[in-house]
Amino acid sequence: MGSAAPKGATADEELIRQLYAEHARALLGYVLRLVRGDRQRAEDVVQETLLRAWRHPESLDPARGPQRVWLATVARNIVVDGERARRARPPEVGEEALGVVPTGEDDLDRAMLAWEVMEVLAELAPHHRQVLVEVYYRGHSVAEAADRLGIPVGTVKSRTYYALRQLKLLLEERGMTPEVAL
């Protein structure tokens with residue numbers, strides 16, 4: 001492979017070829033370390049770096065410093081910007097997550113109701129919420145709940161009583177009846 005430019009090549013094309021020939025291998029090695037070995041991502045970053053060099057050839061003026069330093073700085077900034085963008089987006093989920101999304105109107109209504117009940121439960125004192133979860137949502141007997149929570153049976157009974165009273169009040173404040181919510 002020769003370093004001579006093809007006939008008709010512009011100065012910009014020659015600049016990119018020269019940058020690639022002189023710096024691409026070292027830049028790829030540097031970026032691979034930054035992206036923890038993700039070769040595809042590293043290659044994308046190197047390509048974007050060279051594209052930015054092509055768009056801003058004035059930045060590569062030797063009077064401003066070594067070209068490789070400028071290229072490495074640009075590559076590092078691209079990696080950092082990519083990481084920030086990734087953290088700002090919620091994580092992607094696979095198709096299996098779509099299987100739990102309600103599809104019918106009744107399913108959607110039940111899901112929204114469950115969501116609202118969970119918000120109300122979150123307002124309860126932790127010790128009240130724990131007994132309701134054990135007895136009503138996990139289906140344990142009072143004795144099993146007492147054993148799991150490490151408290152006396154009588155305490156489970158009284159906490160359940162007061163938790164249900166508080167839950168009823170909180171549901172009514174939201175315009176919900178306990179029969180519909182539970």
Side-chain angles (χ1 to χ4, degrees), residues 1-130 132-134 137-138 148-149 170 174 181:
M1 214 188 233
S3 60
K7 288 184 180 179
T10 66
D12 288 346
E13 290 171 342
E14 180 54 32
L15 171 69
I16 292 300
R17 280 189 181 83
Q18 175 257 327
L19 287 174
Y20 186 84
E22 289 180 28
H23 305 290
R25 181 172 290 202
L27 195 56
L28 181 61
Y30 171 66
V31 174
L32 271 168
R33 286 189 300 277
L34 293 176
V35 297
R36 294 174 290 292
D38 184 342
R39 186 167 187 90
Q40 182 177 355
R41 190 159 160 233
E43 289 172 353
D44 289 345
V45 169
V46 169
Q47 183 178 7
E48 177 64 24
T49 301
L50 293 174
L51 181 62
R52 289 184 187 184
W54 176 69
R55 287 182 181 152
H56 303 283
E58 71 280 359
S59 298
L60 298 170
D61 182 0
R64 297 180 80 177
Q67 291 177 339
R68 189 170 286 181
V69 171
W70 185 86
L71 291 168
T73 301
V74 170
R76 185 182 149 285
N77 290 341
I78 291 169
V79 170
V80 169
D81 290 346
E83 286 297 318
R84 285 182 185 146
R86 250 187 277 299
R87 278 187 251 133
R89 285 190 306 254
E92 294 180 12
V93 294
E95 288 189 27
E96 65 278 356
L98 295 177
V100 299
V101 174
T103 55
E105 194 171 312
D106 287 343
D107 291 340
L108 185 58
D109 288 344
R110 271 196 305 275
M112 294 303 292
L113 182 61
W115 188 0
E116 194 155 359
V117 169
M118 293 305 292
E119 287 179 351
V120 171
L121 279 172
E123 293 180 36
L124 293 176
H127 61 278
H128 285 159
R129 184 174 45 252
Q130 287 174 333
L132 290 183
V133 167
E134 290 297 327
Y137 290 99
R138 292 189 177 146
R148 292 177 62 90
L149 296 172
L170 291 169
R174 292 177 180 237

query = Do Gln18 and Glu22 have side-chain N/O donor and acceptor atoms under 3.5 Å apart?
reply = yes

inquiry  = For a 4.5 angstrom cut-off between non-hydrogen side-chain atoms, does Gln40 reach Asp38?
reply    = yes

query = What's the verdict on side chain to side chain contact (heavy atoms under 4.5 Å, CB included) for Glu48 and Val74, showing C-alpha distance, side-chain angles and the deciding distance?
reply = CA-CA 9 Å; Glu48 177 64 24; Val74 170; over 6 Å; no

query = How about His23 and Val46: do any of their side-chain heavy atoms sit closer than 4.5 Å?
reply = no

request  = Specify the closest pair of heavy atoms between Tyr30 and Ala72, including all atoms of both residues, with the distance to one decimal.
outcome  = CE2-O, 3.6 Å

Residue pairs fulfilling salt bridge (Lys or Arg N to Asp or Glu O under 4.0 Å) with at least one residue in residues 114-130, sequence neighbours excluded = Glu116-Arg174, Glu119-Arg174, Glu123-Arg174

ask   = Just how far is it from atom CG of Leu51 to atom NE2 of His56, taken to the nearest 0.5 Å?
value = 9.0 Å

task = Determine whether more than 12 heavy atoms belonging to other residues, nucleotides or ligands lie under 6.0 Å from atom CZ of Arg25.
result = no

ask   = Looking at residues at least two apart in the chain, or sitting in another chain, which of them share a side-chain hydrogen bond (donor to acceptor under 3.5 Å, both in side chains) with Gln130?
value = none

request  = Looking only at non-hydrogen atoms, find the nearest pair between Leu71 and Thr49 and report the distance.
outcome  = O-CG2, 3.4 Å

message = To check you understand the geometry: which heavy-atom pair defines the closest contact between Ala75 and Val31, and what is its length?
response = CB-CG2, 3.7 Å

ask   = About how many Å separate CZ of Arg41 and CD1 of Ile78, when rounded to the nearest 0.5 Å?
value = 11.0 Å

query = Side chains of Arg87 and Glu83: does their closest heavy-atom pair fall under 4.5 Å?
reply = yes

message = Give me the atom names and distance for the closest heavy-atom approach of Leu15 to Ala53.
response = CD2-O, 4.4 Å

inquiry  = Looking at Arg33 and Gly29, would you say the former's side chain and the latter's main chain have a donor-acceptor pair under 3.5 Å?
reply    = yes

request  = Return the minimal non-hydrogen interatomic distance between Ala42 and Val35, and the atom names on each side.
outcome  = CB-CG2, 3.9 Å

query = Would you say Thr73 and Arg76 make side-chain contact, with heavy atoms under 4.5 Å?
reply = no

key: Value rounded to 0.5 Å, distance of CD in Glu43 from CG in Leu27   = 12.0 Å

message = When you compare the side chain of Leu124 with that of Leu170, does any pair of heavy atoms fall below 4.5 Å?
response = yes

request  = To the nearest 0.5 angstrom, please state how far the CG atom of Leu19 sits from the CD atom of Glu14.
outcome  = 9.5 Å

